[in-house]
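Single-structure report; data block below.
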Amino acid sequence: MPTPLQSPSLLCFVLCLALCSTPFASPTDQSIYQVLTSHGLPMGLIPKGVSEFRLDSNGRFEVYLDRPCNARFESVVHYEKNVSGNLSYGQIQGLSGISAQELFLWFPVKGIRVDIPSSGLIYFDVGVIYKQFSLSSFETPRDCKVDGNGNGGLVSGQGLREGEVIQEIVSKVCAYGFNLIFCCVFRDQVDQSRSGKHRYELDQGESGFRSLCASCNGVCLLTVECRLVGHLLCLRQRSGEVYFESLYVALNSDENLHHSSALDSNTILQRRSNRIGARLEPTRTVKASAATLVALFATVVASSDAVLALPNKKQRDSVEGVADEGNHRRSAAVSPNGLGRRTHRRRSRVATVDRRHLVEAPSNVALGVSDRSLRLESIIGPEWQSGPGDPTLGLIRSMDLQSLAVILQAALSPNPNERKAAEERLNQFGICVELFQYTAQHLVRLFQIIVDNNCDLAVRQVASIHFKNFVAKHWAPHEPDEKQKILPSDKEVVRNNILVFVAQVPPLLRAQLGECLKTIVHEDYPEQWPGLLHWLKHSLQDEQQIYGALFVLRILSRKFKSDEERTPVYLIVEETFPHLLNIFNRLIHIVNPSLEVAELIKLICKIFWSSIYLEIPKQLFDPNVFNAWMVLFLNILERPVPVEGQPTDPELRKTWGWWKVKKWTVHILNRLYTRFGDLKLQKPENKAFAQMFQKNFAGKILECHLNLLNVIRTGGYLPDRVVNLILQYLSNSISKNSMYQLFQPKLDIVLFEIIFPLMCFNDNDQKLWDEDPHEYVRKGYDIIEDLYSPRTAAMDFVSELVRKRGKDNLQKFILFIVEIFKRYNEANPEYKPYRQKDGALLAIGALCDKLKQAEPYKGELENMLVQHVFPEFSSPVGHLRAKAAWVAGQYSHINFENQNNFLKAFHSVVAGMRDPELPVRVDSVFALRSFYLGEIRPLLPSLLDEFFKLMNEVENEDLVFTLETIVDKFGEEMAPYAFGLCQNLANAFWKCMNTAEAEDEADDPGALAAVGCLRAISTILESVSRLPNLFVEIEPTLLPIMRRMLTTDGQEVFEEVLEIVSYMTFFSPSISLEMWSLWPLMIEALRDWAIDFFPNILVPLDNYISRSTTHFLTCKNPDYQQSLWSMLSTIMLDVNLEDGDIEPAPKLIQVVFQNCRGHVDVWIEPYLSITMERLRKAEKPYLKCLLMQVVADALYYNAALTLGILHKLGVAAEVFKLWFDMLQKLKKSGARANFRRVHDKKVCCLGLTSLLALPGDQLPSDALLGVFKATLDLLVAYKDQVAEEAKEEDGNDDDDDMDNFQTDDEDGDEDGSDKEMGVDAEDGDEADSVKLQKLAAQAKAFRPNDEDDDDSDDDYTDDEELQSPIDEVDPFVYFVDTIKGLQALDPTRFRSLNEQLDFHYQALANGVAQHAEQRRAEIEREKLEKVAATS
């Protein structure tokens, strides 16, 4: 069914009929010339002779001319018979059927746009550049003429094809990030008066490149720049023939490139050669056809190393001058490959050969020109000539196998120049694929080298890495409309051979081929690789192919990870598992198995794991099949690991093949038990399987696990990960009665002889403490380490045991701990069990929540701390001092009967911050955040000093979080320290970022700590928000961070940086010019890659416009209004963006209208135009509300102007019909479906009220009545919602004391999963909690109970706290004042309106009038109170 904006259905409201003097035209009711004018474009863009015109609701148009023809403007423009494109305000995109002539080439016009507001210019996007014309040239449609042949005149097929090729090449070059200059000039036959009109807009702005064309002594007609090599092509015309010169240059950023056009190339070259102390010759001028120019242009782009790119040695020698006497080198400014140029390396996470020696050339390289003449014939040989019909064909020459091997060998050269040149040559293949086409057989030849056993292994490794990167980047298109880059025949060769050779190559190469297989399987199976499963099934039955088949099957089984993708797994299991089971069975029964057998079993285990990770495949529900697998797994679990061959090195030992098999077996059995063997978690159809597993296997697995744990009890070896998994199994068994009964007889042995020793400080801890305390700290606070740690698993077991079975075990365990304390106290210092005391303190700290609530223990906690914890603050053993600080923090909130004991704990922790041992200092800092505010205040300066000393030593996010917590608690009291804090945090941030970049890991502790530093800075800024002058002091410190991190370098911390920008632009006394320099960075980021951060960017942009309105309106360099329009129009009209992505865009338009009232008349029409276009496409109700509020704000801005524009755009009737439909729509509950926020209703009230002030010729009387009634209804709804929210907010304030109270119900959560994972709220989150609860209260009024509610609550609760100029406007007062104005200006009109109102609306009007007077009195009273408060 058509939307309200598309349907010309009968209007329901008299208002709509009255407002619209003419009906909304259907697409064919208007001419193309009228449509162009209504979209802000000149009608002369389309010539005379239109025979047919079509326009759809999305702005797509088609124009049919009588015939192809040419029209002359400042240059010739060619029109095909059919012209089409997509219309939006001020521009046409996706244009086809128009071409513009330049020199001897024709360029297809891809788009047209005009400046908004108008600058008198219009731009044709010809792909290479924007071609600029005078807007006045297109005021009226031109005559369109044809030549004698009737083909439209000047367009030749070859010229158009060559123009298209250059267009395509340039667009690809610029997209890839190169820097290329292509300059075409006339030398003799130039009409200077005409050439003066040929002005061009460079995408990257003026940079001086254009002036280089002066070296050709001509006029520049075409300049293209991107970012890699400075290459100048100067094209000349002499006596009707085309010539060009070629110069290779490396650009000096400090050099003045602006030269007089009177200077010839020799003069300029001589000046530059004098500067660098070398004689530089001009290049040789040669005759060139258009085709060879295109080929040369493509060649230069395709190869950043033109010497290596030459087809044969003779040609290379002619360029490098090898045959010349002396074989001398170029000047110092010229790169080792013979061409002076700048290099550009894109950042990538793809693994490569060691690139430490690939150093970028500095940006200020001196200008250099080749001292050898470059002949065109030398560069364009027979192998490089353009193919028929496609000038780019044949441009990329494929290398033979031997040449490729030589380059790979050179990539390993100890000579950095040779190595760099070779790696760049390898990278060119990727560049060429990006820009042009795939080199046939390149991938196949790389593969040949990888599998060639006669080739050097290092060379094969380089080939394998390049092969992997190439496959990852080019095997499949990354965009829907992207073309395939690799030939199907080459893909087929790779697929057919990689399966066989992946098992035959050395492990070093197998890892790379395995990554390739992941890519290929993910992209091609099953559609493009249907035979893969058949190959696997066959190979599993071939003794020689089993390893390769298992390797590939493991990759295939990992592809299907989501529930939606699981269906193909059933077929894979059905076809392969019978063979896997057979292989597994045979391997198990091998006597004295080798390590290779372990590798095969490990692969089978990993395949089984991937297949059962999400659900049990239906084939395994067969009891016989499942039992057969379980027998084998239990065999592995019970079987001792071979002693012979085990490495002695601990790190190698835990990764040894047979221990890996043991780990994967335990992993699988745990998964079966916890996910599929728990009756509570199963769907009804799976309960039978769960019962069977519990009955037949769970107890047996438990018995095997206990036997394994007994190994470490007797001093044997068990890998940490295996211990961790076994303890997880035991923890999950505690709550199950049958399982608990099974291991209860052995519980004391497990608890006291296995679990507790795991909790104690051990040899490995001591070694790390002594040798690498930083690593000790990192591991101690690393969440990932916790997941695999036996100590963490032991603590979880104890916590689960006393929580679920505390009645039987808590007292017993505490008595055990007390006995340890007693033995420790009684022993002589040299015999004290320090490590056991450490474990006992860890146990006491872990049981903190339980002991604080359980009798009789909670009454003895203070005494326990005094007797057994406080003495360890002065222990000679560092790890006990650290543990004492940690335990003191855990118990800092208990009720101390003796306040001196509390102070003892606090001061001991503070003293620990100055301990000589780093881990003690860190644990003391973390404990400090648990103590109360009052005790910390007197020590704040010294504490902050200790904090920053530690931050200089340790990059730890918990450390920063502790500082953030303290800052948050102290608020404005931090003002004296704010500047120093921000400086120290900024320094710490840069240090963390440098560490993270060096490690190249986003989740590195340094990166996490960097995020923490920014969060802490935000907390400081918020805490001193009422001290604006501090922001002026802090700004210079934070500006470098904001400038750097608002680019792509800051993607990992973008949200945190935007929060800082928001604070700086909101709380500063004024927004400085330095802060304004951040505006372009945010706009560019939003346009290029940061659309997901649009809601975050909205806040600082709002601040700029609302708090520095004058600068926003008056500054023209840069033009902030224009940049905002460019960004918003691009986003609003992007059909690929979902409704949710662009919601901040209409909010930003509202910011402009509200803050710039009376100053942006020229922008009302463009913004309304794109708003209407997006409204036609919008599906999400919330976005429709936002777009309609743009109309309401425009009416409030200037009702007469806005109404006139809506009529001009032909959408007035549809807009008002949709608006009133949305206002009247209710949910099933009776609540309004749209405009649900208070702010939404207020904006609509102001917009509708503004209409009431219009005279009768703009708003007829019957329309006046409709608007008046709608406004009254909306004001009443607004009043009710404001009162309800005020009531709820008062209720929340009363309950604030209870908001943050948390209980520790020991039986509240049977699984306890949240607490075990450590997600309980940390201290210091109270403020955020209150804010969230207030937002939740505000959201409650909008909480949907209807099934047809399409929007989430979040949509209607955001930015309620944002400020705007309309905050000071009371809608009731504004309404009453507007009606009084109407009564004064037109009493007859007012009287007529009053007489038409029924009793209901008269009562509403009187109520609104009374409330308005009440609000007027309240507003005056509030003003007086503010004055009194400030005086």
Gln728 side chain to Asn724 side chain, donor-acceptor N/O pair below 3.5 angstrom: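 Checked: Gln728/Asn724 side chains pair up, N/O donor to acceptor below 3.5 Å.
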
Residues forming a side chain to side chain contact (heavy atoms under 4.5 Å, CB included) with Lys736, sequence neighbours excluded: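 Checked Lys736 against side chain to side chain contact (heavy atoms under 4.5 Å, CB included); matches are Tyr673, Asp678, Gln694, Met739.
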
For Asn764, all residues meeting side chain to side chain donor-acceptor pair (under 3.5 Å), sequence neighbours excluded: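 Result, side chain to side chain donor-acceptor pair (under 3.5 Å) vs Asn764: none returned.
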
Those residues that, when tested against Gln619, pass side chain to side chain donor-acceptor pair (under 3.5 Å) (two or more places apart):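 Per chain and number, Gln619 pairs via side chain to side chain donor-acceptor pair (under 3.5 Å) with no residue.
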
Glu543/Arg586 salt bridge by N-O under 4.0 Å criterion: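 Judged by the 4.0 Å cut-off on N to carboxylate O distance, Arg586 and Glu543 do form a salt bridge.
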
Ring geometry between Phe447 and Phe467 (parallel below 30°, tilted from 30 to 60°, perpendicular above 60°):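 Tilted.
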
Gap separating the CZ atom of Arg558 from the CD1 atom of Ile607, nearest 0.5 angstrom: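 Those atoms lie 11.5 Å apart.
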
Distance flag, aromatic centroids of Phe584 and Phe608, threshold under 6.0 Å: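 When the ring centroids of Phe608 and Phe584 are compared, they turn out to be at least 6.0 Å apart.
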
Close aromatic pair by centroid cut-off 6.0 Å: Phe697 and Phe633: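 Between Phe633 and Phe697, which both carry aromatic rings, the centre distance is not below 6.0 Å.
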
Partners meeting ring-ring contact (aromatic ring centres under 6.0 Å, His included) with Phe551 (sequence neighbours left out):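 Not a single residue meets the ring-ring contact (aromatic ring centres under 6.0 Å, His included) criterion with Phe551.
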
Under the salt bridge (Lys or Arg N to Asp or Glu O under 4.0 Å) test, residues paired with Lys779 that sit two or more places apart: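 For Lys779, no residue satisfies salt bridge (Lys or Arg N to Asp or Glu O under 4.0 Å) once neighbours in sequence are set aside.
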
side-chain hydrogen bond (donor to acceptor under 3.5 Å, both in side chains) pairs, two or more places apart, involving residues 639-649: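 Every side-chain hydrogen bond (donor to acceptor under 3.5 Å, both in side chains) pair that includes a residue of residues 639-649, provided the two are not neighbours, is Asn635-Arg639, Gln646-Arg653, Gln646-Trp659.
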
Closest non-hydrogen atom pair, Phe797 against Ser731: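 The answer is CA-OG, 3.4 Å.
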
